[in-house]
Novice: 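Sharing a structure here in structure tokens format.
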Amino acid sequence: MNQDYLSHRLTEAERRAFNETGYLVLEDVLSPDRITALTALADGIHAREVAEGFDPRKGLFYPNFIPESPLFQELVDHVRVLPKVWGILGWNIYLYHAHLIVTPPSGEPVSDKTSGWHQDSGRVNAEIESHPRPRLSLKVAYFLSDTGEPGRGNFWVVPGSHLADTLDRPASGVGQPDGAVPVLASPGSAVLFDRRLWHAGTPNGSDVTRKVLFYGYGYRWLRTKDDMTVQSLWEQSDPVRRQLLGWGVNSNGFYSPTDEDVPLRVWLREHSPDDAK
Ligand SMILES: O=C(O)CCC(=O)C(=O)O
């Protein structure tokens, strides 16, 4: 890691916005060339899945894509994004989950059917006894296609809902919860969101296929949420990326890390001591 990371640390205004709304939009994180290259990779995965029998009219949810390309691996410690992630979660973190979502045009106008609103992490929400629920993790959504207008399969959120354990939905199954808004993300944007933020994917009524890469970061003691077959990348990765790809000295080090377990902390201690606490 080089000094460039320091210029992108979480500002106090960004921290306040994330704490209050549960999400943060960073624009122009990916260059046009990078969007083109990542889109070609996403299209390749989609084409392969379709060739293997996946119905192209359906939305594709494809986890564990990180091993498929160095370009996916580079996003794990993106210089504009990683400082925000450590600013929010701290240094004892790794990538516990990643998935690609491709949402093709539905071929119909978008209906007002209530979407699949949820908080992330499944049983965590039922089994951890606390109010509000603990943050534990966040996701970064890299938008490859243009969802700058509503109706394009946008990622929807209820701003500020991350501290609420329940969400009222219309009993009729029509309409969205009070306060729900589409995130109007342009290509190349990264949207960071707290796992507790009530959110939903929505149907795509446009003729633009939606493509988004999701990177989930959590504490190192949290289990992976997909197969995350990234172990073969450890040897070739620099120490911080290796940490983020789940490496550790031994099991105890995920709970009580030594410096060897968490090179991110060692780097922060030298370059940004307040973030190393
Ligand atoms: O497709 C979307 O916009 C929603 C993704 C989602 O719900 C998730 O990553 O948990």
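Side chains included, hydrogens not; waters and symmetry mates left out as well; all remaining heavy atoms used. Indexing begins at 1, ligand by ligand and atom by atom, following the structure's order. In this chain, residues are counted from 1 in sequence order.
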Novice: Taking ring pair (Phe, Tyr, Trp, His ring centres under 6.0 Å) as the test, write out the residues that go with F61, two or more places apart.
Specialist: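 Partners of F61 by the ring pair (Phe, Tyr, Trp, His ring centres under 6.0 Å) criterion, ordered by chain and then number, come out as H99.
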Novice: Which protein N or O atoms sit under 3.5 Å from any N or O of ligand 1? Give atom names and distances.
Specialist:
| residue | atom | partner | partner atom | Å |
| --- | --- | --- | --- | --- |
| ligand 1 | 1 (O) | R210 | NH2 | 2.6 |
| ligand 1 | 3 (O) | R210 | NH1 | 2.9 |
| ligand 1 | 3 (O) | R210 | NH2 | 3.3 |
| ligand 1 | 7 (O) | H118 | NE2 | 3.0 |
| ligand 1 | 7 (O) | H199 | NE2 | 3.4 |
| ligand 1 | 9 (O) | H99 | NE2 | 3.2 |
| ligand 1 | 9 (O) | K139 | NZ | 2.9 |
| ligand 1 | 10 (O) | H118 | NE2 | 3.2 |
| ligand 1 | 10 (O) | D120 | OD1 | 2.9 |
| ligand 1 | 10 (O) | K139 | NZ | 2.9 |
| ligand 1 | 10 (O) | H199 | NE2 | 3.0 |

Novice: Nearest heavy-atom pair of V79 and Y5: which atoms, and what distance?
Specialist: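 In this case the closest contact between V79 and Y5 is CA-CE2, 3.5 Å.
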Novice: Search all heavy atoms of T21 against all heavy atoms of H162 and return the closest pair with its distance.
Specialist: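 Nearest pair, atom of T21 first, then H162: C-CE1, 3.6 Å.
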Novice: Would you list the pairs meeting ring-ring contact (aromatic ring centres under 6.0 Å, His included) in which at least one residue belongs to residues 108-147, sequence neighbours left out?
Specialist: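 Applying ring-ring contact (aromatic ring centres under 6.0 Å, His included) to every pair that reaches into residues 108-147, excluding sequence neighbours, yields H118-H199, Y142-Y215.
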Novice: If you look only at pairs with a residue in residues 10-50, which of them pass as a ring-ring contact (aromatic ring centres under 6.0 Å, His included), with sequence neighbours excluded?
Specialist: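 Not a single pair qualifies under ring-ring contact (aromatic ring centres under 6.0 Å, His included).
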Novice: Restricting to non-hydrogen atoms, name the atom on A200 and the atom on S115 that form the minimum distance, rounded to 0.1 Å.
Specialist: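 It is CB-CB, 3.7 Å.
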